[in-house]
Amino acid sequence: MIDQYAVVGNPISHSRSPEIHAAFARQLGHRLSYLAIEAPIGDFTKVAEEFRLGGGCGMNVTAPFKLEAFAYSTESSLRARVAGAANTLCFHGGVVRSSIYADNTDGVGLVNDLRKNLRRELSGQRILLLGGGGAARGVIGALADANPAQLAIANRTFAKAATLAKQFTAAVSRGSILAIESNQLDRFSFDIVINSTSADLSSPLAIPASCFAPNSLAYDMTYARGITPFLQLAEIAGATIADGIGMLVEQAAEAFFVWRGARPDTQPVITSIRAAL
Ligand code: ATR
């Protein structure tokens, strides 16, 4: 039987993960299958158990199940524990695969995209993360570990930003994280501004242009939405803009490495996913 993997989420039809992992497998000559599975809300554990007991080797997990996936695991990486969320599960241990290892590759996916593909050094930079939900939680640890001069979080609901800043300042190995009230953002300026919110056209984000320092980068963690209102605003403010396609492929490459110990070349896959979108 070939090794079986899957991505589980709800909804899942939009997921590009099956084609990304199929491309990695082709590139490296690995034989595997990779399915997209939609789990009913509230039934993540049931669906994951069926897959694991049916012989599944590993699983990617997407919204809204990353917290449940972490809770379902029996072992975890430090980066998954810091995030309190998992996007990658690895089923180990003989025929029964009795252990469930949780990892989180979102943060390293973002940082690798910024460093490797967009050639942005993070050390010594002032970074603003917009949003205080699950997507933000997955990347704060990796951003803090990259040794920025400042890491700040701003969110529409300030209390969430304040809680995250406090929690992560206690959890990460270096630096402290600042929570900024949205109405105070015009007093700050950043080299990298990352949007992790789900704000869309109907209620776009309001960020002062002064937040974008000269030569700054505006990064939207979403993909497949083209030039989002956030990126439009950033472009008008003079920032270089980037969407989340690179992060999507880089987090997948890290998951592939966790499962199979081999690192795919992400560049051709980013190019083909971008063309397909
Ligand atoms: P995800 O898992 O994608 O992070 P989430 O946990 O529901 O999803 O979080 C969505 C994030 O987008 C939140 O930070 C939310 O702000 P609130 O905490 O105030 O709800 C943010 N968000 C969604 N729509 C927004 C909007 N129109 N303007 C600003 N922030 C928005």
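In each ligand, atom 1 is the first atom listed, and ligand 1 is the first ligand listed. Keep in mind that what you see is a predicted model, and the values were worked out from it rather than measured.
Shortest non-hydrogen contact noted between Ile153 and Gly131 is CG2-O, 3.5 Å.
The aromatic ring centres of His30 and Phe256 sit less than 6.0 Å apart.
Within the set Lys160, Lys66, Arg156, the minimum heavy-atom distance to atom 25 (C) of ligand 1 is found for Arg156. Nearest-heavy-atom check against atom 14 (O) of ligand 1 across Asn155, Leu67, Thr197 picks out Asn155.
Distances below 4.0 Å separate heavy atoms of Gly131 from the following atoms of ligand 1: 14 (O). Under a 4.0 Å criterion applied to the non-hydrogen atoms of Ala199, ligand 1 contributes the atoms 23 (C), 24 (N), 25 (C), 26 (C), 27 (N), 28 (N).
Here the heavy atom of the protein found nearest to atom 29 (C) of ligand 1 is Leu205 CD2, 3.4 Å. Nearest to atom 19 (O) of ligand 1 among the protein's heavy atoms is Thr157 OG1, 2.4 Å. Here the protein heavy atom with the shortest distance to atom 10 (C) of ligand 1 is Ser198 OG, 3.4 Å. Looking only at heavy atoms of the protein, atom 27 (N) of ligand 1 is closest to Ser203 O, 2.7 Å. Protein heavy atom closest to atom 9 (O) of ligand 1, with residue, atom name and distance, is Gly133 CA, 3.4 Å.
Distances from ligand 1 to the non-hydrogen atoms of Gly132 include at least one value under 4.0 Å.
Residue-environment remark: NZ (Lys116) exceeds the threshold of 12 foreign heavy atoms within 6.0 Å.
Checking only distances, Ala135 does come within under 3.5 Å of ligand 1, N or O to N or O.
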